[in-house]
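By convention in this document, chain letters (A, B, ...) are assigned in the order of the sequence lines, proteins followed by strands, and residues within each chain are numbered from 1. Just the heavy atoms: all of them, side chains too, but no hydrogens, waters or symmetry mates, feed the values below.
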There are 2 protein chains.
Amino acid sequence: MYEKKIPKNFTCGMAVLMEIIGGKWKSYLIYLINNGVRRPAELQRAVPSASRRVLDLQLRELEFHGIIRRVIYPEMPPKVEYYLTSFGESMLPVVAAMENWGIRYMETFKQLMENKQLAMGTAPEVELKKTATLSRRKAVAKAV
Amino acid sequence: MYEKKIPKNFTCGMAVLMEIIGGKWKSYLIYLINNGVRRPAELQRAVPSASRRVLDLQLRELEFHGIIRRVIYPEMPPKVEYYLTSFGESMLPVVAAMENWGIRYMETFKQLMENKQLAMGTAPEVELKKTATLSRRKAVAKAV
DNA sequence: GGACATACGGAAAAAATTATCCGTATCCGA
DNA sequence: TCGGATACGGATAATTTTTTCCGTATGTCC
């Protein structure tokens with residue numbers, strides 16, 4: 001793990017959670033391991049777009065953080081399996097909530113990315129409030 | 001926003017959600033705005049460890065993704081306020097779940113970081129399974 | 001006029017993360 | 001003996017994100 005130069009705070013839960021599953025593939029690894037994809041090579045085949053190295057590193061970090069547990073079989077050729085710890089399992093509802101929210105807005109999101117325009121179906125109420133502060137001063141326009 | 005060279009997939013919800021709130025301060029910004037901290041300068045004072053620039057950039061991205069809405073008051077000195085859109089509000093439960101999970105394991109996590117040792121209170125069941133595959137071969141040791 | 005407030009943005013440096021490429025070792029099967 | 005499977009790790013490059021430092025503009029208060 002890279003030695004950080006800027007210390008992190010971890011004063012809010014978000015920072016803690018992000019430190020643990022913020023990596024590019026970590027949540028997916030948790031998902032896969034929980035669904036029975038246990039061996040390193042299997043995981044690599046399951047996520048071919050990730051390099052073998054990063055998966056290894058992120059598995060190490062997940063293990064270091066107590067999310068997964070590595071079981072080493074002293075065989076030849078080598079065999080390794082990963083399992084969620086009970087601590088790791090405690091994270092499943094959160095991961096699921098994140099995943100579900102994402103799925104729900106995936107299509108909308110993709111369209112947004114293509115259009116490169118803000119066009120969320122649910123979102124954009126745009127209105128200009130005119131408050132007391134406006135009349136209190138000279139109200140110079142500086143629109144965007 | 002930075003033009004990426006490696007295209008992202010967004011085939012799973014996690015990737016979508018991460019694209020939206022993965023930024024270092026984004027979830028905190030959502031939290032603050034939802035709690036009435038609306039003006040840019042207020043937000044900067046609320047997160048002094050973040051540079052003004054990044055907060056600006058991440059606010060832009062949140063706006064672009066339809067999570068927040070920027071209300072510009074044509075006054076002088078300039079006045080701007082951010083509000084969650086209804087789309088942004090749909091994210092609150094997820095953010096809360098993440099935050100809560102993190103808070104719950106914050107202390108354990110901090111100790112882990114200090115010790116630089118895997119010592120999760122709940123976690124480490126370590127056991128070595130011996131399966132058929134072991135006897136099937138010569139079982140050479142390659143322990144760690 | 002000078003110091004402060006408001007809000008914004010470009011450019012480049014620094015930091016952090018991820019990718020690529022090299023290597024180790026053993027065993028199995030053709 | 002050669003090619004593939006298993007698993008792992010170092011070193012460096014590339015990419016992405018964040019920080020730092022510079023600038024713009026206008027208005028108020030002393």
Side-chain angles (χ1 to χ4, degrees), chain A residues 1-9 15 18-26 28-29 38-45 47-61 63 70-82 133-134 136-144, chain B residues 1-9 15 18-26 28-29 38-45 47-63 70-82 131 133-134 136-144:
Chain A
M1 273 174 267
Y2 181 79
E3 192 69 25
K4 295 186 179 63
K5 297 187 179 178
I6 297 179
K8 294 193 175 180
N9 264 4
M18 277 304 174
E19 180 74 8
I20 294 181
I21 59 164
K24 190 167 180 178
W25 310 101
K26 283 181 179 177
Y28 200 28
L29 287 172
R38 314 207 165 286
R39 301 188 59 182
E42 285 175 359
L43 291 166
Q44 290 160 33
R45 281 191 291 268
V47 202
S49 47
S51 65
R52 194 265 306 163
R53 190 81 174 97
V54 199
L55 289 187
D56 275 7
L57 290 175
Q58 305 210 338
L59 286 166
R60 292 289 163 288
E61 291 181 13
E63 188 191 10
R70 181 158 82 203
V71 179
I72 304 165
Y73 298 87
E75 303 174 1
M76 197 53 66
K79 178 177 175 182
V80 165
E81 283 185 346
Y82 293 101
T133 47
L134 197 148
R136 197 158 49 77
R137 306 184 184 184
K138 286 173 190 169
V140 180
K142 194 184 177 177
V144 179
Chain B
M1 274 174 267
Y2 182 80
E3 193 70 23
K4 295 185 179 62
K5 296 188 180 178
I6 297 179
K8 294 193 175 179
N9 263 4
M18 278 303 175
E19 181 73 8
I20 294 182
I21 60 164
K24 192 167 180 178
W25 311 100
K26 283 181 179 178
Y28 201 29
L29 287 172
R38 313 206 164 288
R39 303 188 59 183
E42 286 175 359
L43 291 166
Q44 289 159 34
R45 282 190 291 267
V47 202
S49 47
S51 65
R52 192 266 306 163
R53 191 80 175 100
V54 203
L55 290 187
D56 275 7
L57 289 174
Q58 305 209 341
L59 285 167
R60 292 290 163 287
E61 289 180 14
L62 287 173
E63 188 191 10
R70 181 158 81 202
V71 179
I72 304 165
Y73 298 87
E75 303 174 359
M76 197 52 68
K79 178 176 175 182
V80 165
E81 284 184 344
Y82 293 102
T131 59
T133 48
L134 197 148
R136 198 158 47 81
R137 305 183 183 185
K138 285 173 189 171
V140 179
K142 192 184 178 178
V144 180

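Not one side-chain nitrogen or oxygen of A:Arg38 sits closer than 4.0 Å to the OP1 or OP2 atom of D:dA7. For the pair A:Lys4 and C:dA16, the criterion of a side-chain N or O lying under 4.0 Å from OP1 or OP2 is not met.
Counting all heavy atoms, side chain and backbone alike, A:Met18 lies closest to B:Ile21 at CE-O, 4.1 Å. Annotation for A:Leu43 and A:Leu55: closest pair O-CD1, 4.0 Å, computed over non-hydrogen atoms. Minimum heavy-atom separation, B:Lys24 to B:Gln58: N-NE2, 3.5 Å.
Between the OH atom of B:Tyr82 and the P atom of C:dT6 there is a distance of 14 Å, given to the nearest Å. Nucleotide C:dT17 holds its P atom 8 Å from the CD atom of A:Glu61, rounded to whole Å. The interatomic distance linking A:Leu55 (CG) with D:dG9 (P) rounds to 14 Å, in whole Å. Taking atom CG of A:Leu57 as the reference point, atom P of D:dG9 lies 9 Å away to the nearest angstrom. Regarding A:Trp25, its CH2 atom lies at a distance of 12 Å from the P atom of D:dT16, rounded to whole Å. Regarding B:Ile72, its CD1 atom lies at a distance of 14 Å from the C1' atom of C:dG9, rounded to whole Å. Atom C1' of nucleotide C:dA7 and atom CD of B:Glu75 are separated by 12 Å, given to the nearest angstrom.
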Completion exercise
Given protein heavy atoms under 4.0 Å, the one-letter contact record of nucleotides 1-6 of chain D, with B base, S sugar-phosphate only and - none, is simply -----B
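In the interface, the side chain of A:Arg53 is paired with the base of D:dG10 through a donor and an acceptor atom under 3.5 Å apart.
Side-chain atoms of A:Lys5 lie closest to C:dA15 of the nucleotides D:dT15, D:dT19, C:dA15. Side-chain proximity of B:Arg52 to the nucleotides D:dT15, D:dG23, C:dG23 is greatest for D:dG23. For B:Arg60, whose side chain is taken as the heavy atoms from C-beta onward, the closest listed nucleotide among C:dG9, D:dT18, D:dC8 is C:dG9.
Considering only residues two or more places apart in sequence or on other chains, A:Val80 meets the side-chain contact (heavy atoms from CB on, under 4.5 Å) condition with A:Pro40, A:Arg70, A:Ile72, A:Tyr82.
Checking A:Ile6 against B:Asp56, the closest nucleotide of DNA chain C that is more toward the 5' end is the one next to B:Asp56.
At the heavy-atom level, A:Gln58 lies under 4.0 Å from the strands shown only through sugar-phosphate atoms. Residue-level contact check: B:Lys8 touches the backbone only, with heavy atoms under 4.0 Å from sugar-phosphate atoms and none from bases.
A:Asp56 contributes atom CG, which lies 5.5 Å from atom CZ of A:Arg60 (distance to the nearest 0.5 angstrom). Atom OH of A:Tyr28 sits about 8.5 Å away from atom OG of A:Ser49, to the nearest 0.5 Å.
A salt bridge is absent between A:Lys26 and A:Glu19; no separation between the charged side-chain nitrogens and carboxylate oxygens falls under 4.0 Å.
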